[in-house]
**Student:** 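Sharing a structure, written as structure tokens. Questions coming.
No experiment lies behind these values; they were computed from the predicted model shown.
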Amino acid sequence: MAESSSSTTHAFRDNLWKGIFAVSGIMLTLVTYGVLQEKIMRIPYGVEKEYFKYSLFLVFCNRIMTSAVSAGSLLASKKALDPVAPIYKYGLVSVSNILTTTCQYEALKYVSFPVQTLAKCAKMIPVMVWGTIIMQKRYKGPDYLLAFLVTLGCSVFILYPAGTDLSPYSRGRENTVWGVLLMGGYLGFDGFTSTFQDKMFRGYDMEIHNQIFYTTLCSCILSLTGLIVQGQMILAVEFVYRHHDCFFDIALLSTVATISQFFISYTIRTFGALTFATIMTTRQLVSIMLSCVWFSHPLSWEQWIGAVIVFGSLYAKSFWKKAPQKTTSPQKTTSPTSTVELVQNEESNNLKDNP
């Protein structure tokens, strides 16, 4: 009994420190990332007030740095660079991730960062759809109720912006059809990315760095090809050459994006997607508040109501969640890692989430 109690206490402390590490890393990197992406895409550079318009170039810079760092990590740890899963599976995650990030950057041309960030909470519905298709999951009534409330709150937030918060790329109010479509694309592609990533971790004995390396390597090739085909590579380089402060912003953005990828993958693999979703909810709330203060975004009273509905629903889901119960199967022996994943998966029909 004493040994069992000591082992339980040690495991609790170990998970506590891992949780603090994951939360601190995600909060610091992604809040900084959010501020930088809004600055790059919405704040003009130089005396002539030029806007940076090459979102795919940002994707390329982010992914090439992440790929280089992950390759260095694999080599430093003397782990094989050989792919664990079929290359096409890395490619699927890569294509989906590129489309997700591109839609995210492009949407900032038409909607403010607070609107975009809150709209991300509505990804639960596409995640539930992808979870049913890819993972054969079944969701209960409370899950659908939560998704409905979050979507309702996001809709209120988007449809009733403050009249003075306008997009720098258009003369109308920022809830343009194009901006909403881009956010819809973001939600759909991001739901697929996180769900398929989770399936790869569960289906293969895969190191975090291995998945990141091959996914980002594919993203580098695809984004570079897109830049060359669209003729944007030279234009983006010339813009950065004219505005050195933009170069610094992009370099810092790529750095925190690279670091955040490791924290995201670490959190999903260690604690599961449900815990990750709770951390991301808090990060989104902090990011919205910081953006409103830093970039002076006014919020209408309808938007405050929408925000309360969204975050109230998300936190209520976390607090009302029942304690997980282990189930043992005599026909299958699981490793400690897979046991943790099984228990996390049984907490609730968890909703996959990703930034």
**Student:** With sequence neighbours left out, write down each residue that passes side chain to side chain contact (heavy atoms under 4.5 Å, CB included) with Leu28, or none if nothing qualifies.
**Tutor:** Thr32
**Student:** What closest approach, in Å, do Cys103 and Leu182 show between heavy atoms, and which atom pair accounts for it?
**Tutor:** CB-O, 3.4 Å
**Student:** Would you say that Phe239 contacts Lys53 through its side chain, given a criterion of any heavy-atom pair below 4.5 Å between the two side chains?
**Tutor:** no
**Student:** I want to check something: taking the side chain as every heavy atom from C-beta on, are Tyr45 and His244 in contact at a cut-off of under 4.5 Å?
**Tutor:** no
**Student:** His243 versus Phe52: any side-chain heavy-atom pair under 4.5 Å?
**Tutor:** no
**Student:** Could you report the tightest heavy-atom contact between Glu106 and Ser55, atom names first, then the distance?
**Tutor:** OE2-OG, 2.5 Å
**Student:** Of all the heavy-atom pairs spanning Gln211 and Met200, show the shortest one and how long it is.
**Tutor:** NE2-CB, 3.9 Å
**Student:** Are Lys89 and Val93 close enough that some pair of their side-chain heavy atoms sits under 4.5 Å apart?
**Tutor:** no
**Student:** Give me the atom names and distance for the closest heavy-atom approach of Leu56 to Leu227.
**Tutor:** CD2-N, 3.7 Å
**Student:** Is there a side chain to side chain contact (heavy atoms under 4.5 Å, CB included) between Phe57 and Ile250 once you walk through the steps?
**Tutor:** CA-CA 9 Å; Phe57 183 75; Ile250 293 176; 4.1 Å; yes
**Student:** What residues, two or more places apart in sequence or in another chain, satisfy side-chain hydrogen bond (donor to acceptor under 3.5 Å, both in side chains) together with Thr101?
**Tutor:** Arg63
**Student:** Return the set of residues passing side-chain hydrogen bond (donor to acceptor under 3.5 Å, both in side chains) with Gln230 (not counting sequence neighbours), or none when no residue passes.
**Tutor:** Gln232
**Student:** Would you say the side chain of Tyr204 lies within less than 4.5 Å of the side chain of Asn210, judging by non-hydrogen atoms?
**Tutor:** no
**Student:** Measure the spacing between CG of Asn97 and OG1 of Thr102 and express it to the nearest 0.5 Å.
**Tutor:** 9.0 Å
**Student:** Please tell me whether Tyr88 and Phe192 are part of a single hydrophobic cluster in this structure, the criterion being side-chain heavy atoms less than 4.5 Å apart.
**Tutor:** yes
**Student:** Is the CD1 atom of Ile234 crowded by more than 12 outside heavy atoms at less than 6.0 Å?
**Tutor:** no
**Student:** Phe263 and Phe21: aromatic ring centres closer than 6.0 Å?
**Tutor:** yes
**Student:** Who pairs with Leu253 by side chain to side chain contact (heavy atoms under 4.5 Å, CB included), at least two apart in sequence or on another chain?
**Tutor:** Tyr33, Leu36, Gln37, Ile40, Leu58, Asn62, Tyr105
**Student:** I'd like to check the side-chain hydrogen bond (donor to acceptor under 3.5 Å, both in side chains) partners of Ser70; sequence neighbours left out, ordered by chain and number.
**Tutor:** none
**Student:** Is there a donor-acceptor contact under 3.5 Å from the side chain of Thr216 to the main chain of Phe213?
**Tutor:** yes
**Student:** Got a donor-acceptor contact below 3.5 angstrom from the Ser67 side chain to the Ile64 backbone?
**Tutor:** no
**Student:** For Ser223, which residues count as a side-chain hydrogen bond (donor to acceptor under 3.5 Å, both in side chains) partner, sequence neighbours excluded?
**Tutor:** none
**Student:** Donor-acceptor pair, Ser94 side chain versus Tyr90 backbone, under 3.5 Å?
**Tutor:** no
**Student:** If you look at every heavy atom in Thr29 and Ile26, which pair is closest and at what distance?
**Tutor:** OG1-O, 3.4 Å
